[in-house]
2 protein chains.
Amino acid sequence: MNRPIINSWQSVEQEVRRRIQTREWAPGELIPNEADLALEFGCARATVNRALRRIADSGLIDRRRKAGTRVALQPVARATLDIPVIRREIEDRGMTYSYLLLSRTEAVPPHAVSATMQLPAHDAQLHVVALHLGNETPYALEDRWISLAAVPAARQERFESVSSNEWLLANAPWSHGQITFAATQAGREDAARLACDPGQAMFVIDRLTWNNNAAITRVRLKYPPGYQLRTDI
Amino acid sequence: MNRPIINSWQSVEQEVRRRIQTREWAPGELIPNEADLALEFGCARATVNRALRRIADSGLIDRRRKAGTRVALQPVARATLDIPVIRREIEDRGMTYSYLLLSRTEAVPPHAVSATMQLPAHDAQLHVVALHLGNETPYALEDRWISLAAVPAARQERFESVSSNEWLLANAPWSHGQITFAATQAGREDAARLACDPGQAMFVIDRLTWNNNAAITRVRLKYPPGYQLRTDI
DNA sequence: TATAATTTTATGTATGTACATATTAGTCTG
DNA sequence: CAGACTAATATGTACATACATAAAATTATA
């Protein structure tokens, strides 16, 4: 049998995906092991390994030592979302970016905020409210709490010309975080700021950022009706 | 100088991330090349390569042949979202899943639907409306159009006991797709089905699925107020 | 001096070998 | 027959080497 040589991890990945897609390897089925595939494809096991590792990362196959590799029964669709700096998001959509600071105060945050940040309930934090605009129209309303314990330098920054978003990125390293997407109705104040009607549905992104065990900031971004977050799978 | 040996790709990744996080390697800065790092860490270049490749995938560094590797100036937060089958999503939250078919018809879809699916505007498609419930309460309202051209077998399926979601996963292979997240206000019908009030903000997920060049299905999932999509970054 | 050809260099990939590790399957033993 | 060892096996990782490739830097050329 004269098999074509498939000797790049990309081609191995493509071929394996093809076999799964065409049901040549059915869901739940055990596929040949790396050594056999390497032999069949005419490449090294490391090459097969890299391809299969990528496919496993995408959720299409499950791999376990000794047990082997099998096609996932119900592949989860795994989407990768890029959450850029808002300025870039706006500029990438071909609009000119501008920024408007609405308020900057030191205050004790609502209990829900200090609780999710795992910070003492009575400690004051920096509270920044700002509007991001694209082509002079409201694009997103930012409501941010910054832990002064974690980022004391923020006390010196007015956030009038540079957004807290970018300032923090440049000045407060972070290790991990959590993002939450949701929908809520615009209150009267939200509506006025986002130039929409009260009661309309806003898309909301909450982000909580940590540096190791210390909460850095919690930001809530409210987008006016019509905003869409899109990604390929 | 007696350097500790860092000879697993995990430890290399951790150490590099640490240096970036502590600003030992500042944003925008060129970091040592793979060969030098391998020498310093006491491991093979392939090991450094794998670690750096992963870090690049996460958006923290930018790599270019010959130009070298530099710390990203404004790292995009890259979030990976798992979109499981709804049944699993509900069961993973510890609720018992149930499913209610609301309607199943063959009809010509609205123009917006046929257009995004790149299918002839006058062709009838299968239209399935169903409710997914957790612990007997509405969890998500599904509104789905299925291309009969791409999945003729769907005509034989009643979707009364098995949801179109799971049936399609098992019977219609797909190669890629697109997901859109948004927020909209509940109409009167939505509200009745999702047991909420008209006008309240629903979280909406639109998914468009393709098999190579043929659109398979377009599904819109509406979630009642309070629903959150969460992920770690 | 602008442009084209060439060299250099850092990353990207492929390979064979070796060993580590998790997990299953089998076997031994009380 | 239950439970404890033991062998077998597929994936996971590390390494040294080699060559491929993109792009910057340099040199040659019109």
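Model, not experiment: these values are computed from the prediction.
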Item to check | Partners passing side-chain hydrogen bond (donor to acceptor under 3.5 Å, both in side chains) against Gln74(A) (at least two apart in sequence or in another chain) | outcome: Glu166(B)

Checklist outcome for this item: note: Leu30(B), atom CG; dA24(D), atom P; distance rounded to Å ~ 12 Å

Checklist entry - Can you list every salt bridge (Lys or Arg N to Asp or Glu O under 4.0 Å) pair that touches residues 146-158 of chain A, not counting sequence neighbours? => result Glu106(A)-Arg155(A)

Item to check | Which residues share a side-chain contact (heavy atoms from CB on, under 4.5 Å) with Arg93(A), sequence neighbours left out | outcome: Glu89(A), Met95(A), Tyr139(A), Tyr227(A)

Item to check | Arg70(B) CZ - dA10(C) P separation (whole Å) | outcome: 13 Å

Next on the checklist: Could you tell me how far apart Ile55(B) (CD1) and dT11(C) (C1') are, to the nearest whole angstrom?
Outcome noted: 15 Å

Next on the checklist: Tell me every residue that passes side-chain contact (heavy atoms from CB on, under 4.5 Å) with Thr231(A), counting only those two or more places apart in sequence or in another chain.
Outcome noted: Ala79(A), Leu81(A), Ile179(B), Phe181(B)

Next on the checklist: I need a per-nucleotide contact map over nucleotides 9-14 of chain D, read 5' to 3'. Cutoff is protein heavy atoms under 4.0 Å; write B for the base, S for backbone only, - otherwise.
Outcome noted: BBBBBS

Checklist entry - Residues in side-chain hydrogen bond (donor to acceptor under 3.5 Å, both in side chains) with Arg63(B), at least two apart? => result Glu34(B), Thr69(B)

